[in-house]
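Notes follow the structure.
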Amino acid sequence: MLDIAFIKENPELVKQAMQQKGEKETSAVDKVLEADADWRKTVHTLDNLRSESNQKAKQIGALMGQGKKDEAQAIIKETGEMKASIKELEEKERVLKDERDNLLLRIPNIPHPTVPVGHTENDNKEEARFGEIEDSEWKKPHWELAEANGWIDFSRGVKVTGAGFPFYIGAAARLQRALINYFIDTAIDKDYTELQAPYMVNEDSAKGTGQIPDKEDQMYVVPRDEFFLIPTAEVPVTNFHRGEIFEEKDLPVRYVCYTPCWRREAGSHGADVRGLNRLHQFDKVELVKFVKPETSYDELETLREDAEYLINALGLSYRRLLMCTGDMGFTQSKKYDLEVWSPGQKRWLEVSSCSNFEGFQARRMMVRYRDKDGKIETLHTLNGSGLALPRIMASVLEKYQEESGKVLVPEVLKPYMGGKDYL
RNA sequence: GGAGGGAUGGCAGAGUGGUCGAAUGCGGCGGUCUUGAAAACCGUUGAGGCGCAAGUCUCCGGGGGUUCGAAUCCCUCUCCCUCCGCCA
């Protein structure tokens with residue numbers, strides 16, 4: 001969420017940001033300011049009343065101590081109606097606060113000035129392209145390759161669980177594990193701390209990163225224990241520091257975390273979801289950073305570079321998109337997508353998205369830091385995939401297939417694949 | 001899963017109805033002393049809200065209650081510890 005003080009000072013800017021992010025209705029801004037004013041007025045009255053009541057209680061205490069029971073009794077009589085109005089005001093204060101906060105949660109993050117203004121994915125800016133756009137007629141999509149070699153079993157996945165829960169078998173299973181290890185090891189070399197996180201989170205955590213109420217339908221729920229299966233490692237890793245105050249000298253903090261991810265993907269059908277393109281359970285290595293505000297945009301660039309490094313090292317062709325205001329999501333202020341070329345499908349596949357949230361997440365989660373002067377400030381959070389596995393698997397299989405049907409092991413993965421040349 | 005005991009500031013740990021947002025120790029920060037450091041001594045040191053400020057309010061695991069007044073009493077939930085059971 002945004003800082004209410006910021007909204008108060010820049011209402012027009014906030015409205016403009018909402019429009020740029022594709023929300024026609026900007027009245028929430030005026031409503032939140034109104035609700036905030038109402039709330040503050042009530043707080044003021046309530047505080048005064050409580051102050052008075054506290055004074056009286058203290059007097060009573062003092063009188064009782066001196067044994068002046070009659071005088072104390074007189075004051076107790078006065079407090080009767082005060083108690084009732086305090087209770088009433090407390091209730092009112094709570095309602096107004098909720099009202100304000102609910103409005104506040106509906107206002108999206110402000111796009112950074114460098115973000116292109118636009119409405120759809122067509123307005124995203126393709127910043128760079130690396131490698132050739134391979135268009136060989138004979139190259140098969142990964143699902144045909146995988147089937148021919150017995151590497152991925154989609155139908156047994158359907159039997160055991162449902163669509164979107166494949167089995168990886170033999171060399172493909174090992175390849176996926178090799179990729180995960182390679183990604184994590186590379187991040188460790190770049191000064192990220194490895195984290196192993198819970199795969200289920202509680203409601204507070206789901207709220208912390210904004211999965212609730214925003215993307216509630218995206219998550220699998222374990223109702224009996226009131227847990228949610230994580231849709232990304234971002235959720236447990238960012239919540240790792242929820243409610244904490246960092247010392248300035250400890251920043252930046254960088255984590256790398258591998259987890260499976262579960263997404264319901266309700267409503268997705270068709271060609272987009274063939275093979276490994278879109279799954280209900282998939283693996284991902286996630287990079288998360290907690291940084292000082294003044295460094296967050298530099299950290300976004302290095303985060304993006306760290307993700308790109310992996311794609312490069314695997315020898316895959318890819319392009320980098322700077323997402324436009326309308327396509328980047330509610331919580332981000334700037335976001336890059338990295339898409340690899342899939343030679344078998346002849347299309348781009350998103351494998352990473354790197355975002356700066358500025359203080360938007362941190363404010364909601366109360367993650368802060370103490371600066372040199374001892375002042376407590378909101379810090380900035382960032383995250384990015386480094387990388388999502390299934391589409392990388394797809395792209396690797398397709399890219400490294402030979403006309404014979406054999407698939408070469410990418411050079412950087414050989415140490416993780418027992419030195420073998422072919423899968 | 002059963003029985004019992006707990007949850008207090010960065011940590012340890014007092015406080016069991018009234019000037020308690022909380023003793024004390026450690027740690028942190030500032031200072032005195034010292035060539036420098038250590039030790040010693042002095043001071044300072046939780047978070048949030050409202051307010052220009054003075055100030056004021058809230059927070060002693062979460063929620064609810066009793067009371068003029070709750071860290072302290074009652075209910076409830078969660079978590080931790082000990083013992084028993086089960087177990088990768």
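Letters A, B, ... mirror the listed sequences (proteins, then strands); counts begin at 1.
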| task | Would you please indicate if the ring centroids of A:Y220 and A:F228 are separated by under 6.0 Å? | result | no
Pairwise [atom1] distance, [M] and [N] [rounded to whole Å]:
N     : M     : atom1 : answer
B:C77 : B:C86 : P     : 27 Å
B:G63 : B:G6  : P     : 22 Å
B:G21 : B:A70 : C1'   : 14 Å
B:C20 : B:U56 : P     : 15 Å
B:C59 : B:G64 : P     : 11 Å
B:U72 : B:G18 : C1'   : 11 Å
B:G25 : B:G49 : P     : 31 Å
B:G48 : B:G10 : P     : 11 Å

Of the nucleotides [options], which one has an atom closest to the side chain of [X]?
X      : options             : answer
A:V43  : B:C57, B:G48, B:C50 : B:C50
A:T79  : B:G64, B:C50, B:C68 : B:C68
A:A57  : B:G49, B:G46, B:C68 : B:C68
A:K83  : B:U58, B:U67, B:U66 : B:U67
A:W39  : B:G46, B:C50, B:U58 : B:C50
A:K87  : B:C57, B:G48, B:U66 : B:U66
A:R368 : B:G49, B:G48, B:C68 : B:G48
A:I76  : B:G65, B:C57, B:C68 : B:C68

| query | So do the side chains of A:L389 and A:F282 get within less than 4.5 Å of each other, counting heavy atoms only? | reply | no
Separation of [N] [atom2] from [X] [atom1] (nearest whole Å):
X      : N     : atom1 : atom2 : value
A:N48  : B:U56 : CG    : P     : 11 Å
A:K8   : B:C50 : NZ    : C1'   : 10 Å
A:N54  : B:U19 : CG    : P     : 12 Å
A:R363 : B:G48 : CZ    : C1'   : 15 Å
A:M366 : B:G46 : CE    : C1'   : 13 Å
A:F227 : B:C79 : CZ    : C1'   : 12 Å
A:E247 : B:U45 : CD    : C1'   : 12 Å
A:I86  : B:U66 : CD1   : P     : 14 Å

So what's [N] paired with, Watson-Crick or G-U wobble, going by both distances under 3.5 Å?
N     : answer
B:G27 : B:U45
B:C83 : B:G2
B:U19 : none
B:A71 : none

| field | Cation-aromatic face contact A:K159/A:F167, 6.0 Å, 45 degrees | value | no
| said: A:D371 and side chain to side chain contact (heavy atoms under 4.5 Å, CB included): which single residue from A:E377, A:E247, A:K292 fits? | reply: A:E377
How close do [X] and [Y] get, counting heavy atoms only, and between which atoms?
X      : Y      : value
A:L276 : A:R391 : O-CG, 4.2 Å
A:G329 : A:K21  : O-NZ, 2.7 Å
A:H380 : A:G359 : CD2-N, 3.4 Å

| request: Report yes if a side-chain nitrogen or oxygen of A:R370 is closer than 4.0 Å to either non-bridging phosphate oxygen (OP1 or OP2) of B:G10; otherwise report no. | output: no
| query | If each of A:S53 and A:H44 is mapped to the nucleotide of RNA chain B with the nearest heavy atom, which maps nearer the 5' terminus, i.e. the 5' end? | reply | A:H44
| query | Taking for each residue the nucleotide of RNA chain B with the nearest heavy atom, is it A:A62 or A:I376 whose nucleotide lies nearer the 5' end? | reply | A:A62
Looking at every strand, decide which applies to [X] at a 4.0 Å heavy-atom threshold: base, sugar-phosphate, or nothing.
X     : result
A:R94 : sugar-phosphate
A:I60 : base
A:L46 : nothing

